[in-house]
K.L.:
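The following block contains the structure, expressed as structure tokens.
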2 protein chains.
Amino acid sequence: MPRSHGRTGRPPLTSRAEILDAARKIIDRDGWQRLTVRRLAAELGIGPTTLYHHVRDREDLLIQLLNEHAQQTLRRDLPSNPRDRIVASAIAIHDSLAAWPWAAEVLTADGFLRRLGQPALEMVEAIVGAAAEAGCTSEQAVHLFRGIWYYTVGEILVRAHSDSRRTGDGQDAPDDAFFDRADVSRLPHLARIGNRWPALAAQDTYVAALGAFVDGLLAHAGAVPRTEPRV
Amino acid sequence: MPRSHGRTGRPPLTSRAEILDAARKIIDRDGWQRLTVRRLAAELGIGPTTLYHHVRDREDLLIQLLNEHAQQTLRRDLPSNPRDRIVASAIAIHDSLAAWPWAAEVLTADGFLRRLGQPALEMVEAIVGAAAEAGCTSEQAVHLFRGIWYYTVGEILVRAHSDSRRTGDGQDAPDDAFFDRADVSRLPHLARIGNRWPALAAQDTYVAALGAFVDGLLAHAGAVPRTEPRV
DNA sequence: ACCTGAACACCGTTCAAGT
DNA sequence: ACCTGAACACCGTTCAAGT
């Protein structure tokens, strides 16, 4: 891309910043489900086709939006202890995405990592670097990152869908009779948990399980012993 | 639902089994992206609106399809050692879903668990039961299951998207220059990994990291010591 | 160089009516 | 009880043309 536009051609009426602003406005006002190419164009007062001169496609738009969001939410001090630094970085990524439930559509996109901006990459670097410092080979460090990434993406996506429904209905189902349709005699533990399941499943255990995962990964990699587990 | 239809009314021309068969046919022939309500109706030779007498909506259709798939793929013998039983059950769930990349759309649906059929619930039971046997409280057992579920869903979803692209393009990007657009001086570890990243990320480490996760979760729960780690 | 309307090829779902 | 066509309210994206 040239630094200056040169002299030729019609000057642009629509800028990248205007597009991202309008997109955020739609999300805040109407909800992220309403962010479509056509609506965004209407919000900008342009034809839907014009947008395609500024973004490659819908996915490209969402990734640009996510990178902006990351830039604003992702910075924080990280602990010096490697194990804790991994955990803190993962929590930072998680919390940033959790505030962005519409990330769901784009989080699993192929080549996602390659399209991330600097702030997000710095979090990946922090995790990979801390894993190396804890004694992992670079291969193990990448695998550790991917395990954490899968877990984090899964948590975000499942929780994003649960939340959207809960606010929609108010009530999901009669709380008693949770596993009643199944042959409960073959499911003794689930039967005993019964209608306590929804409440247990609604608890936020991301951080606790993350700590367990990181400790397990470091132990399997033959890396340094863990600090004391959080409960 | 009544056991017999009674005597009144027009007899159904379209059955649940016919619908699911036609759906599978579309998936096998045209790919799962082509499975839409309208196409499915066309395949059956009926109007799209008729389908709504047999399935609640598109999501309901997909969940019915997934339950059938689970019934056919999910059974297997499970080890007696609780830790290994958890791992084997998770792998069974994972492999079943991995063969079903179009699960992505439905895996994170709210109340998903409540809508699962008996075979899938038996896998949940196996994990929760094994966790209890390993010394977890029922609360810890549910949280352990959820952690594994998040990790598994994340892996499936990310990998499903990567695969669909890879087969599409043939080649993703010039392999050198993987992190080149970023300020590499602030990303020393990523810079050192460089273009080895795609190959490392493509490796299947689901099972290895799962073992680490389960060991970590059991250790954090104060449960029995683990068997020797797999490498 | 940038912007445009028209068009293509679709979606999921609801409704009032028919048999 | 089951099935229907028409309609509603949309999608993302491409193309040839205009300024």
K.L.:
How close do Leu113(B) and Leu121(B) get, heavy atom to heavy atom, and via which atoms?
P.N.:
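Result for this residue pair: O-CD2, 4.0 Å.
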
K.L.:
What I want to check is whether the side chains of Thr152(B) and Tyr150(A) have a donor and an acceptor closer together than 3.5 Å.
P.N.:
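No pair is found: no donor N or O on one side chain lies under 3.5 Å from an acceptor on the other.
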
K.L.:
Could you point out which residue of Arg192(A), His189(A), Arg196(A) forms a side-chain contact (heavy atoms from CB on, under 4.5 Å) with Ser138(B)?
P.N.:
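Option passing the side-chain contact (heavy atoms from CB on, under 4.5 Å) with Ser138(B): Arg196(A).
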
K.L.:
Please state the C1' separation for the pair dC10(D) and dA9(C) - nearest whole angstrom.
P.N.:
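Each nucleotide's C1' atom is 14 Å from the other's.
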
K.L.:
Distance check: side-chain N/O of His54(B) vs OP1/OP2 of dC2(D), anything under 4.0 Å?
P.N.:
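No, no such contact exists.
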
K.L.:
Is there a donor and acceptor pair, one atom on the side chain of His53(A) and one on the base of dC2(C), closer than 3.5 Å?
P.N.:
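A donor-acceptor contact between them is absent.
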
K.L.:
Mind checking whether Arg146(A) and Val158(B) have side chains closer than 4.5 Å, heavy atoms only?
P.N.:
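With C-beta onward as the side chain, the pair touches.
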
K.L.:
So Tyr151(A) and Phe213(B), would you call those rings parallel, tilted or perpendicular, with 30° and 60° as cut-offs?
P.N.:
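Perpendicular.
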
K.L.:
Give a yes-or-no answer on whether the side chains of Arg115(B) and Gln64(B) include a donor-acceptor pair shorter than 3.5 Å.
P.N.:
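Distance-only check fails for Arg115(B) and Gln64(B).
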
K.L.:
Check this for me, if you would: do Asp28(B) and Lys25(B) make a salt bridge, where the nitrogen-to-carboxylate-oxygen distance has to be below 4.0 angstrom?
P.N.:
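Salt bridge between Asp28(B) and Lys25(B), a charged N being under 4.0 Å from a carboxylate O: no.
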
K.L.:
Tell me, which stems hold DNA chain D, with a stem being 3 or more Watson-Crick or G-U pairs in a row and both distances under 3.5 Å?
P.N.:
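Runs of three or more consecutive pairs: C:4-8 with D:12-16, C:12-16 with D:4-8.
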
K.L.:
Which letters describe nucleotides 7-15 of chain D, given B = protein heavy atom under 4.0 Å from base, S = only from sugar-phosphate, - = neither?
P.N.:
B---BBBBB

K.L.:
Using atom CG of Leu44(B) as one end and atom C1' of dC2(D) as the other, report the distance to the nearest whole Å.
P.N.:
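Nearest whole value for this atom pair: 15 Å.
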
K.L.:
Once the angle between the rings of His69(A) and Trp100(A) is folded into 0 to 90°, is it parallel (under 30°), tilted (30 to 60°) or perpendicular (over 60°)?
P.N.:
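Because their plane-to-plane angle is under 30°, the rings of His69(A) and Trp100(A) count as parallel.
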
